Structures are given as structure tokens and as C-alpha cells.
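In this text the structure is predicted, and so the values were computed from the model without any measurement.
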Amino acid sequence: MDTQMNSIHHSLREKEEKRTLQRRRDLLYLIADYLKNRGYTKSSNTIATEAQLTESVQVCDNIDLETILKCYDIYYTSTYNKLPALCKHSKGRSNVTETNNKQNENKPSKKSDKQEEKKEDDVNNVSFAMTVRPIFANRSSNSESSMKLSNDGSLPPVSVSIENLYGDDIEMRKIAETISREILVKNCNVHWDDVIGLKQCKRAIINAIVYPIKYPELFREKFSSWKGVLLYGPPGTGKTMLAKAVATECKCTFFNVSVSSLVSKWRGDSEKYVRALFDLAYERAPTVIFIDEIDWIATKEDLSEPARRFRAELLAKFDGLTTDENARIVLLAATNAPWNIDSALLRRLEKHVRADLPNEEDRFEMLSAYFSKEIDHQVLKDVNAGLKNCSGADIKVLCKQTWLCQIRPLIELLENNKVPSSDINYELTDPAILATTLRDMRCCTISNEEIQLYYRWEKEKYLHLYE
């Protein structure tokens, strides 16, 4: 029995060794074929000559190096939920370069005095492709920029920022590339005038975010700007729209971060996502980081161990952010339930701004934006009286339903190709249809009990103001 087992094992080892040699031989053929197909004829011939590859052997049509790498990427991603790192920067070549530079420095210089003076003048007159203009005339240009600006005054591409931050760290570079997709590139085209109502809320946002970014010299030393702003209030009151207005008006780097882009099921990845987020924010300052529904990732309830580590990393990075008083970076968070936010994060969100339900005047202005100017305003006021405790989003849904009722006869004509679509006037013209829609439709109004939750939370938080 032992002899038979030894014979079987020996045979298997021989087959495996032959298979290994065959794989190494096939790999040489694959490399030579890949180089030949890409036009590297001399390199392919050199490998064929040195490795003694015969012309009678050809690579099969259904396989190549790119196919093998794609299959490996799929396998690695499905197993570890991240792409494999196939190459990395070598530090050996840079060390040789540094050694050569040091040797050149030790060599005596043979330049004349005129050449040295010319070199000093060139150093003093060098152009850094950046123009610094102080706000105050009597102040020197002490402004510091974390990045070198281009000739037109704009920041370089995000890829350059990632290269500067994580030159040799391939894993962090891939995470930073994922986070960079959260940077809002397109213009939201939402201005302050587009946000109807919320006058005090808009004024507080402008004072806390826009002015410190626009006039950094006014917010220094003891009177540094707010680093965290919390927008809270009932659903549909315009918190996300205010964030879009900030993205449009501030003209800075705006991160629209979703919860799914920061939380990962793999151990340690969530902390790396938070780290990359704040690193990119520093690199591309001034920056606004907007996190909607922040109570989902910073709740004060008992959390699992990965969630606690993620929250600890978020708070640690936020502390690192607040210690730099000159960093023009703001974390703008929005929530419908501020009482669920962890107290440690709530303390770091220094400015709290409540987005209230629209009052009667604001509701009338919202309705007027959907209706034609020639309508009877009295009917519109009668309808407005029945919209108490309705949010701006509810009024928008109500007007959309009214528009559908108004164009229903026109849709029937369009189905019969009788009226061209260019004749459509995109305005509501009959307030009576709105009254009928309001009567038939159930608006998701906010109850008084829900509204009292916000006042109760404010009273508990600022109890000393009510004593």
C-alpha cells in the first residue's frame, strides 16, 4: 500500500512539474504574440530568439493576455470586492536619481559670476502660474494655496490631486478615484432667488458658508469660520435645494456625498473612504462637503463594531479639519431627525439652521410661480388657506397633478395628431382645477405633533435660553 501511494504521489508531482513548465513556456509565447500584435516587432523577435521559441507553435485565437487579465480582475473583484493591484512604483530608481543629484551637488561649480547672477535673477522672476490678489490694500499677499493653480486661475484636474496625494499607494488612489466621482461637476443652476421663502434660513447659510469662502481674510484667528453646518427640518422644506444653491453660488469644489459611497462591508474600507474624502477636500479647497440624511451614518443608537470604527474615523478627521483655522472647508449636513444624531458629531456641527414649513405668504408665492399672471388671485388665496402645514414639495406635487388635469383634453388631441406640441403654454390657467385637485388628492401634510418634535428638541438642546 505504501509503495502504491508513493508511486501515485510521484506521478502526480511529475505531472504538476510538467504542467508548470508548460505554463511558463506558454506565457513566453503569449508575451511574444502580444508584443508582435502591438507593433513591438524587435522586442518580440528578441524574446523569441532568447527564449528559443519555435515558429511552429502559435497562440490560439480565443486567448490573449488581455483576456487573462480581465478574468483575473473579475475573480479578484468578486472575491475581495476591490480591483487587484498589478503594478506599483519602484523606489529603487528614485534612490539612484537622488544619489546622482547629491554627487552633482558635491562637484565644484565651474560657472562664472555672471552666470550665477543670471540664475539668481531667474529664480526671483520665476512664474508660478498663480496670481494672488489681497482683499485689503495694506495687506501683503500672505494667502497660501495647497495646490498650484493653472494659468486661467482654476484648479488642475482631480487626477493630478490624487497623484499628489497617493503617488505610490495604489489602493488609496483607487479609493480616491471612487470618492472623486462624488464631486459635483455640472452646474445645478439653482440660485438663491429660486428658493422661495426660507429667508432667515438663506441668510444664515450665506453668513456661515458663502462669506467665509468668499472673504477668508475676515474670518481668521479667534473668529474663524464655521466648519460644520446642520440643516434640519421636516421633509420637503427645501434643505436639498438650499444645498444646490450653495453649490451654484459658492463656485468651489462641492462634494455631494451619499451614504453608500462611504460605508463598506469590508473591514477597514469605510475608514479609508473617509480619509480619502477629507484629503481630497484639503487638496482642492475651498470645499463644501454635503451629506444628506447624515443621521443614517451618525446615529446615537448602539452600533456594530464596524459602524463604531467608521464613526470614530469621521470624528477624528473632522477634528483634524477644525484644528486648521485657515482651511476653507465646510461640512454641510442635512437631516429630518436631528435628535437621532450622535452628540459628539452634533457638537462639531457648530451652526444649526432650521428649515421651517412655508407660511401663508410663501405658499402663495409658490403657487403663483406655477400659475399665469392673468388669473384671479382670490381663488388662489382661497386654495392657499387649505394648504396649512404643507411643505414646498407637497405644493409642487399638487401643482403637477393640477397640470395633468389641465392638459388631459390636450393629450387626447395630441394622440390624434390634431394639435402640435409647440402650442403648449407651460402655465396653469384655471385655479378651479387646483381647488378640485386639492379636494380629490390627499396631501402629505406635516402634523402638529411632528412639528412639535423639532421645537422640543431645540428646547432640550438650548434649555438655558428658555429658563
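Just one residue in the list Leu332, Leu280, Leu331 forms a side chain to side chain contact (heavy atoms under 4.5 Å, CB included) with Phe255, and that residue is Leu280. Each of Ile329, Ile213, Val330, Thr253 was evaluated against Pro286; a single residue qualifies, Ile213, per the side chain to side chain contact (heavy atoms under 4.5 Å, CB included) test.
Not a single donor-acceptor pair under 3.5 Å links the side chain of Lys239 to the backbone N or O of Tyr232. When atom types are taken as modelled, the side chain of Glu350 and the backbone of Val229 share no donor-acceptor pair closer than 3.5 angstrom. Remark: side-chain polar atoms of Asp394 are paired, donor with acceptor, to backbone N or O of Ser391 under 3.5 angstrom. No donor-acceptor pair closer than 3.5 Å links the side chain of Thr67 to the backbone N or O of Ile63.
A 4.5 Å side-chain heavy-atom check between Glu177 and Ile162 finds at least one atom pair inside the cut-off. In this structure, the side chains of Phe254 and Val246 come closer than 4.5 Å at one or more pairs of heavy atoms. Looking only at side-chain heavy atoms (C-beta outward), Val274 and Ser270 stay at 4.5 Å or farther from each other. Between Tyr454 and Asp356 the shortest side-chain heavy-atom distance does not fall below 4.5 Å. Under the 4.5 Å side-chain criterion, counting only non-hydrogen atoms from C-beta, Glu163 is in contact with Arg173. The closest side-chain heavy-atom distance from Tyr370 to Lys396 is below 4.5 Å. Considering only heavy atoms from C-beta on, Trp192 comes within 4.5 Å of Leu242 through its side chain.
A donor-acceptor contact closer than 3.5 angstrom links the side chains of Asp279 and Tyr166.
Distance check: Lys70 NZ to Ile68 CD1 gives 12.5 Å after rounding to the nearest 0.5 Å. Taking NZ of Lys199 as the reference point, atom CZ of Arg203 lies at 12.0 Å (rounded to 0.5 Å). Separating the CG atom in Leu65 from the CG atom in Asn37 is a distance of 10.0 Å, to the nearest 0.5 Å. Note: Arg348 CZ to Ser343 OG = 9.0 Å, rounded to the nearest 0.5 Å. Between Asp292 atom CG and Asn256 atom CG the span is 8.0 Å, to the nearest 0.5 Å. Leu231 CG to Leu198 CG: the interatomic distance, rounded to the nearest 0.5 Å, is 9.5 Å.
Residues passing the salt bridge (charged side-chain N to carboxylate O under 4.0 Å, His left out) test with Glu171, sequence neighbours excluded: Lys82, Lys272. The side chain to side chain donor-acceptor pair (under 3.5 Å) search around Glu293 returns Asn336, not counting sequence neighbours. With sequence neighbours excluded, no residue forms a ring pair (Phe, Tyr, Trp, His ring centres under 6.0 Å) with Trp226. Residues that satisfy the side chain to side chain donor-acceptor pair (under 3.5 Å) test with Lys202, not counting sequence neighbours, are absent from this structure.
For the pair Ala208 and Pro212, the tightest heavy-atom approach, listed with the atom from each and the gap, is O-CG, 3.4 Å. Heavy atoms only, all atoms of each residue included: Met241 and Asp194 are closest at CE-O, 3.5 Å. Scanning both residues, Lys351 and Ala204, for their nearest heavy atoms gives CE-CB, 4.4 Å. The two residues Ile294 and Ala333 make their nearest non-hydrogen contact at CD1-CB, 3.6 Å. Taking all atoms of both residues into account, the shortest heavy-atom contact from Phe219 to Ser225 is CB-N, 3.9 Å. In terms of heavy atoms, Thr287 sits closest to Ala281 at OG1-O, 2.9 Å.
Relative orientation of the Trp457 and His352 rings is tilted, given thresholds of 30° and 60° on the angle between their planes.
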Next on the checklist: One pair to check against side-chain contact (heavy atoms from CB on, under 4.5 Å): Phe290 and Val257. What are the steps and the verdict?
Outcome noted: CA-CA 6 Å; Phe290 175 64; Val257 181; over 6 Å; no
Checklist entry - Going through the checks in order, is the side-chain contact (heavy atoms from CB on, under 4.5 Å) test met by Leu218 and Tyr211? => result CA-CA 9 Å; Leu218 297 176; Tyr211 288 160; over 6 Å; no
Checklist entry - Leu30 and Val59: side-chain contact (heavy atoms from CB on, under 4.5 Å), yes or no, with the steps? => result CA-CA 7 Å; Leu30 284 171; Val59 178; 3.6 Å; yes
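Pairs engaging residues 30-74 under the ring-ring contact (aromatic ring centres under 6.0 Å, His included) rule: Tyr72-Tyr76 [sequence neighbours left out]. Applying the salt bridge (Lys or Arg N to Asp or Glu O under 4.0 Å) definition to pairs two or more places apart or across chains, those involving residues 22-47 are Glu16-Arg23, Arg38-Glu66.
The number of heavy-atom neighbours closer than 6.0 Å to CD of Glu427, taken from other residues, nucleotides and ligands shown, is above 12. Under a cut-off of 6.0 angstrom, the local environment of CD in Glu415 is sparse, with at most 12 non-hydrogen atoms contributed by other residues, nucleotides or ligands.
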